[in-house]
Structures are given as C-alpha cells and as structure tokens.
Trainee: 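This is the structure I want to talk about, given as structure tokens.
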Amino acid sequence: MGKTTTTKDAQALFQSLRSAYVATPTNLKIIDVYIIFAAVTAVIQVVYMTIVGSFPFNSFLSGVLSCVGTAVLAVCLRIQVNKDNKEFKDLPPERAFADFVLCNLVLHLVIMNFLG
C-alpha cells in the first residue's frame, strides 16, 4: 500500500512540475538547455578522466572548472532574467546578459592562466 501511494505522489509531483515548466518563457528554457549542456560536458570529462587517466591534471581541472563555472554563471543569468523574480525587476535583461558575458570572459581568462 505504501509503495503505490509513493508512486502516485511521485507521478503527481512530476506532472505538476511538467505543467509548471510548460508556462516557462522560451528564453529561460534556452538558458536551461545551456546549463544542462555545461553540466553534461563536465560529467563527460570526469568519466573520461576516470577511464583514461588524468595525466595533464591541470587540463582536466581547467576543463571541469570551466564547465561548472559557466553553468553557475548561466544559473545567475537565469535568475536575473526571470520576470517572476521580484528582486531583479529593475535590472534590464541586456544588463544581465552583459554581466554574464563579462564574468565568462574573466572566468575563461583565469582558466587559460591556470592551464599554464
């Protein structure tokens, strides 16, 4: 009896999340795909490192930190661009995107410096 109610609760949760995500604006969905891509790329690099080895360890760290840092910056962009977020209602989307680009530039300059 407990298992069926748990399954029904999980299905109801996924159904409510799916119906809420359908109402999400397209620009936020594009940012979500970018975040997923960055996270999957980081996971692929970690799996590759575990299979093949981590001879140039600085390169491995640079790649993973670049993916994770980009994903974090994209999450910040998503939070700032979201119209439902009242904290950033006065911030224009162009300014949020400019912040995202500038922070990505700084992040990747640091990553390139770390490569040596």
Side-chain angles (χ1 to χ4, degrees):
M1 180 171 141
K3 186 170 183 145
T4 58
T5 57
T6 305
T7 305
K8 288 181 183 179
D9 289 342
Q11 289 174 348
L13 175 67
F14 285 127
Q15 185 64 26
S16 66
L17 288 174
R18 184 179 303 136
S19 64
Y21 194 71
V22 167
T24 303
T26 306
N27 60 347
L28 295 181
K29 289 180 182 178
I30 292 171
I31 296 172
D32 290 341
V33 170
Y34 181 72
I35 293 168
I36 291 169
F37 172 75
V40 167
T41 304
V43 169
I44 288 171
Q45 288 180 8
V46 170
V47 168
Y48 179 81
M49 190 266 314
T50 57
I51 292 172
V52 176
S54 64
F55 165 60
F57 195 65
N58 284 354
S59 299
F60 163 70
L61 282 181
S62 295
V64 171
L65 292 177
S66 175
C67 292
V68 171
T70 301
V72 168
L73 291 174
V75 168
C76 293
L77 175 67
R78 188 187 193 286
I79 290 170
Q80 291 177 357
V81 172
N82 191 358
K83 295 293 181 195
D84 295 335
N85 193 351
K86 305 295 184 214
E87 189 172 334
F88 295 103
K89 65 180 177 180
D90 297 332
L91 184 72
E94 294 83 10
R95 165 78 191 274
F97 186 72
D99 290 346
F100 171 73
V101 169
L102 180 67
C103 289
N104 258 313
L105 181 66
V106 170
L107 170 71
H108 286 92
L109 285 174
V110 169
I111 293 294
M112 293 299 257
N113 187 30
F114 185 70
L115 277 173

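All values reported here derive from a predicted model rather than from experimental measurement. Position 1 is the first residue of the sequence; numbering continues from there.
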Trainee: Please tabulate, for the side chains in residues 92-102, all donor-acceptor contacts under 3.5 angstrom to protein atoms that are two or more places apart in sequence or on a different chain.
Mentor:
residue: R95; atom: NE; partner: D99; partner atom: OD1; Å: 3.4

Trainee: Hey, could you give me the CG/CG distance between D9 and L13, rounded to the nearest 0.5 Å?
Mentor: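 Interatomic distance, D9 CG to L13 CG, rounded to 0.5 Å: 8.5 Å.
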
Trainee: Measuring from atom OG1 of T24 to atom CD1 of I31, what distance do you get when rounded to the nearest 0.5 angstrom?
Mentor: 11.5 Å

Trainee: Let me check something: do I79 and V81 share a hydrophobic cluster, defined by ILVMFWY side-chain heavy atoms less than 4.5 Å apart, either directly or through other members?
Mentor: yes

Trainee: Sequence neighbours left out, what pairs pass side chain to side chain donor-acceptor pair (under 3.5 Å) with at least one residue falling in residues 60-75?
Mentor: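 Sorted result for residues 60-75: S66-H108.
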
Trainee: Please give me the minimum heavy-atom distance between C67 and A38, naming the atom from each residue.
Mentor: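 Scanning both residues completely, I find the closest heavy atoms to be CB-O, 3.5 Å.
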
Trainee: Among pairs that include at least one residue of residues 34-49, which meet side chain to side chain donor-acceptor pair (under 3.5 Å), considering only residues two or more places apart or in two chains?
Mentor: none

Trainee: In Å, rounded to the nearest 0.5 Å, how long is the span from CD of Q11 to CZ of R18?
Mentor: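 Rounded to the nearest 0.5 Å, the CD-CZ separation comes to 10.0 Å.
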
Trainee: Please tell me whether L91 and L73 are part of a single hydrophobic cluster in this structure, the criterion being side-chain heavy atoms less than 4.5 Å apart.
Mentor: yes

Trainee: Run the side-chain contact (heavy atoms from CB on, under 4.5 Å) test against F57 and tell me which residues pass, sequence neighbours left out.
Mentor: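 Counting only residues at least two positions away or on another chain, F57 forms a side-chain contact (heavy atoms from CB on, under 4.5 Å) with S54, F60, L61.
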
Trainee: Enumerate the residue pairs fulfilling side chain to side chain donor-acceptor pair (under 3.5 Å) with a member in residues 77-92, sequence neighbours excluded, ordered by first and then second residue.
Mentor: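 Found D32-R78.
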
Trainee: Are V64 and F114 joined in one hydrophobic group, where the rule is that I, L, V, M, F, W and Y side chains link up if heavy atoms are under 4.5 Å apart?
Mentor: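 Yes; tracing contacts between hydrophobic side chains, which count when under 4.5 Å, links both residues.
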
Trainee: Indicate, with yes or no, if V106 and I111 share a hydrophobic cluster defined by side-chain heavy-atom contacts under 4.5 Å among Ile, Leu, Val, Met, Phe, Trp and Tyr.
Mentor: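 Each belongs to a different hydrophobic cluster.
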
Trainee: Partners of V43 by side-chain contact (heavy atoms from CB on, under 4.5 Å), sequence neighbours excluded?
Mentor: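 side-chain contact (heavy atoms from CB on, under 4.5 Å) list for V43, sorted by chain: V47.
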
